[in-house]
Amino acid sequence: MAGHLGKTITELDALVGMDELRAWQAFDSIDPIGGYRGDLQAATIAQHIAMWSGHCKETPPLAELLPIDPHPMTPEQKDAVDAAKARARSDAYTANLIATLQSKVKK
């Protein structure tokens, strides 16, 4: 917040009380201030341009249009997330297959 307002933390501390700081923190959680919000707005515009231009058959996800990943991960973390997603898809497929087979046996 200090950087956004062009102040040092000491200057901001002298100007803003704890109650006001908490109010700004609550506001920021609902309507973020700063670089990420600007990136999100730019990605939204890019998404609309892609849709309106006919360049894309499907709407590209905003996450793919952000210039910087808001949740960066190491390659190991990404591999773990990808593996967990693959397991979840496999488990869902297996459960669906079992339900389908059980419904055919009951008939």
Working for side-chain contact (heavy atoms from CB on, under 4.5 Å), residues Gln77 and Thr74 = CA-CA 5 Å; Gln77 290 170 323; Thr74 64; 3.2 Å; yes

Give, for atom [atom1] of [X] and atom [atom2] of [Y], the distance between the pair rounded to the nearest 0.5 Å.
| X | Y | atom1 | atom2 | value |
| --- | --- | --- | --- | --- |
| Trp24 | Asp19 | CH2 | CG | 14.5 Å |
| Leu62 | Thr44 | CG | OG1 | 4.5 Å |
| Ile45 | Leu40 | CD1 | CG | 10.5 Å |
| Leu101 | Asn96 | CG | CG | 9.5 Å |

What's the shortest heavy-atom distance between Ala43 and Leu66, and which atoms?
-> CB-CD2, 3.8 Å

Closest non-hydrogen contact found for Val16 with Leu21 is CG1-N, 3.6 Å

Quick one: does [X]'s side chain have a donor or acceptor within less than 3.5 Å of a partner on [Y]'s backbone?
| X | Y | result |
| --- | --- | --- |
| Ser90 | Ala86 | no |
| Gln47 | Pro60 | yes |
| Glu64 | Pro61 | no |

Could you tell me whether the side chain of Asp79 reaches within less than 4.5 Å of the side chain of Glu76, counting heavy atoms only?
->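 Result no, sub-4.5 Å side-chain heavy-atom pair not found.
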
Kindly check if the number of other-residue, nucleotide or ligand heavy atoms within 6.0 Å of CD1 (Ile9) is above 12?
->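 Open: at most 12 neighbouring heavy atoms sit under 6.0 Å from CD1 of Ile9.
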
Flag yes if Leu12 and Met18 sit in one hydrophobic cluster, no otherwise; membership is Ile, Leu, Val, Met, Phe, Trp, Tyr, and two members link when side-chain heavy atoms are under 4.5 Å apart.
-> yes

Parallel, tilted or perpendicular, as decided by the 30° and 60° cut-offs, for the rings of His48 and Trp52 |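 Tilted.
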
State plainly whether the residues Lys78 and Asp82 are in salt-bridge range, i.e. N to O under 4.0 Å.
-> yes

